[in-house]
Every structure is written in C-alpha cells, then in structure tokens.
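Remarks on the structure that follows.
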Amino acid sequence: MLAALCLISCGGDDGEPKVNNQQKETNEIVSILNGKFVGSKVSESDGITETHEIAFSPYSSPKKEEWMENAITKEILIYGECDFSTYFNDHLLETSDHWKYNITIAYDGAQPRLYLYPETYGVSKMYSITKLSSTSFKLDDIIYNKE
C-alpha cells in the first residue's frame, strides 16, 4: 500500500513547473493586451454612439506594487499601463485617463477581471474581460478589436 501511495504522489512529476488553469488563462489575456483597441456601443434611446479606445503598453515582466483603497493595502501584480479614452458621436465630450492594469481570476473557472488603477491615487475600476480571439476581447458588454 505504501508503494502505491508513492507511485500516486510521485507519478507524472517531470520536474517542470505546472501552470494551473487560472495562470494559463491570465497569460492568454495578458498576451492579447498589447496595442490599441476600439469598442463602441449605440444607445437605443437616442442613437448616440459611445466609443472607447484603449491603448495597452505591457511591461516586459509584471511588477508587484502596493495599492491602498478604502484604507486597505494590498499587493497587486501590474502587467502594464494603458490610456483609456471615451468619446461620443461629435467628440465634443471626450475623456482620457492613464491607468496601470491587472488581470485577476479569483479561482479556477471564475470570470476574469481587468482592474484599472490610477497612476498615483484614486479609485480603481473593474471590468469583466473575456478573450474572444488573439485580437479581440469583451469588457463587460462591449467588444474591442485591435486596430
């Protein structure tokens, strides 16, 4: 019986580190987030198009940083920086913000989340992110395609 336990516990160990599904999915999403992406939605009530442009600039390797929000300090893994711009049909009202970004999957099978952190201080933003292809993803209800 002891020999069987040793075979079970040692079986399949080829010396290489194993990547769990969460890390694999995170890596796939992170690899997509490089360059400029555009997504838009049309308001059914007034026909106004809201367009979002996100330009991702990934770091060569993620950086751990401390972040404080709501008097709680936590360590986060920052994958890069991005510029997030929003405008409407006429470009009269346009906003643009610079963020650091993180991808988090709480547990195996959970919905991936994109967290945006301001450069120095402020409130972070969170979006559900879904990989659609190597050049597109969905944030909440908007599909973004690489330009």
Side-chain angles (χ1 to χ4, degrees), residues 8-147:
I8 291 171
S9 65
C10 298
D13 185 9
D14 54 10
E16 292 183 27
K18 295 187 177 173
V19 177
N20 64 31
N21 288 338
Q22 287 171 264
Q23 189 59 50
K24 181 181 176 190
E25 191 171 358
T26 299
N27 291 344
E28 288 175 359
I29 293 170
V30 167
S31 71
I32 294 169
L33 304 181
N34 187 359
K36 184 177 178 181
F37 292 82
V38 177
S40 61
K41 68 179 179 179
V42 178
S43 170
E44 292 180 20
S45 62
D46 56 16
I48 293 177
T49 301
E50 179 180 339
T51 302
H52 303 275
E53 294 180 1
I54 310 173
F56 291 96
S57 300
Y59 296 151
S60 56
S61 61
K63 300 176 183 179
K64 288 185 179 181
E65 293 188 14
E66 284 191 357
W67 179 256
M68 180 186 280
E69 191 167 15
N70 298 327
I72 298 171
T73 301
K74 61 182 177 179
E75 191 171 84
I76 55 174
L77 195 59
I78 301 295
Y79 289 97
E81 299 180 17
C82 65
D83 292 307
F84 197 113
S85 300
T86 302
Y87 56 87
F88 299 88
N89 293 17
D90 53 14
H91 283 269
L92 290 177
L93 177 61
E94 184 170 337
T95 62
S96 185
D97 294 301
H98 187 76
W99 304 90
K100 296 178 182 182
Y101 66 91
N102 163 274
I103 301 295
T104 300
I105 302 175
Y107 55 87
D108 196 19
Q111 172 66 49
R113 307 277 188 213
L114 170 69
Y115 286 88
L116 300 178
Y117 296 93
E119 194 71 43
T120 54
Y121 175 78
V123 178
S124 62
K125 292 185 178 185
M126 185 272 303
Y127 300 91
S128 296
I129 185 168
T130 305
K131 174 188 168 188
L132 300 177
S133 73
S134 63
T135 59
S136 66
F137 59 88
K138 185 175 181 180
L139 282 186
D140 291 341
D141 61 346
I142 299 176
I143 294 173
Y144 290 79
N145 293 295
K146 192 168 193 171
E147 270 197 346

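Computed from a prediction, not measured in an experiment: that's the story for all the values here. Sequential numbering from 1 along the given sequence is applied to the chain's residues. Just the heavy atoms: all of them, side chains too, but no hydrogens, waters or symmetry mates, feed the values below.
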Determine whether more than 12 heavy atoms belonging to other residues, nucleotides or ligands lie under 6.0 Å from atom CD of Glu75.
->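 Yes - once you tally the heavy atoms of other residues, nucleotides and ligands closer than 6.0 Å, there are more than 12.
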Give a yes or no answer on whether the side chain of [X] reaches the backbone of [Y] with a donor-acceptor pair at less than 3.5 Å.
X: Asn70; Y: Ile72; answer: no
X: Asn102; Y: Ile78; answer: no
X: Asn89; Y: Thr49; answer: yes
X: Lys63; Y: Gly80; answer: no

CA sep, side-chain torsions, deciding dist, call: Glu53, Tyr144, side-chain hydrogen bond (donor to acceptor under 3.5 Å, both in side chains) = CA-CA 8 Å; Glu53 294 180 1; Tyr144 290 79; over 6 Å; no
Check whether any side-chain heavy atom of [X] lies under 4.5 Å from a side-chain heavy atom of [Y], and answer yes or no.
X: Thr95; Y: Tyr87; answer: no
X: His52; Y: Ser85; answer: no
X: Thr130; Y: Gln111; answer: yes

Given the options Asn27, Asn21, Thr26, Gln23 meets side chain to side chain donor-acceptor pair (under 3.5 Å) only with Asn27
Minimal non-hydrogen separation, [X] against [Y], with atom names:
X: Thr73; Y: Met68; value: OG1-CE, 3.2 Å
X: Asp140; Y: Lys138; value: O-CE, 3.2 Å
X: Ser124; Y: Glu69; value: OG-OE1, 2.8 Å
X: Pro112; Y: Glu25; value: CG-OE2, 3.3 Å
X: Ser133; Y: Ile32; value: O-CD1, 3.2 Å
X: Leu114; Y: Phe56; value: CD2-CZ, 4.5 Å

Aromatic ring proximity, centroids under 6.0 angstrom, Tyr59 and Tyr79 = no
Could you state the interatomic distance from [atom1] ([X]) to [atom2] ([Y]), rounded to the nearest 0.5 Å?
X: Phe37; Y: Ile54; atom1: CZ; atom2: CD1; result: 8.5 Å
X: Leu116; Y: Cys82; atom1: CG; atom2: SG; result: 5.0 Å
X: Leu33; Y: Tyr101; atom1: CG; atom2: OH; result: 5.5 Å
X: Ser43; Y: Lys41; atom1: OG; atom2: NZ; result: 8.5 Å
X: Lys125; Y: Tyr115; atom1: NZ; atom2: OH; result: 15.0 Å
X: Asn145; Y: Thr135; atom1: CG; atom2: OG1; result: 6.5 Å

Test Ile29 against Ile129 for side-chain contact (heavy atoms from CB on, under 4.5 Å), laying out the working first.
-> CA-CA 8 Å; Ile29 293 170; Ile129 185 168; 3.8 Å; yes
Pair Ser40, Glu50: side-chain N/O donor-acceptor within cut-off below 3.5 Å | no
For the pair Tyr127 and Phe84, name the ring-plane relationship: parallel under 30°, tilted 30 to 60°, perpendicular over 60°.
-> parallel
Hey, mind stepping through Ile103 and Arg113 against side-chain contact (heavy atoms from CB on, under 4.5 Å) and telling me if it holds?
-> CA-CA 6 Å; Ile103 301 295; Arg113 307 277 188 213; over 6 Å; no
Do NZ/NE/NH1/NH2 and the carboxylate oxygens of Lys74 and Glu66 come within less than 4.0 Å?
-> no
Taking NZ, NE, NH1 and NH2 as the nitrogens, is one of them in Glu81 or Lys100 under 4.0 Å from a carboxylate oxygen of the other?
->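 No, no charged N to carboxylate O under 4.0 Å.
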Tell me, with the steps shown, if Thr51 and Thr86 meet side-chain contact (heavy atoms from CB on, under 4.5 Å).
-> CA-CA 6 Å; Thr51 302; Thr86 302; over 6 Å; no
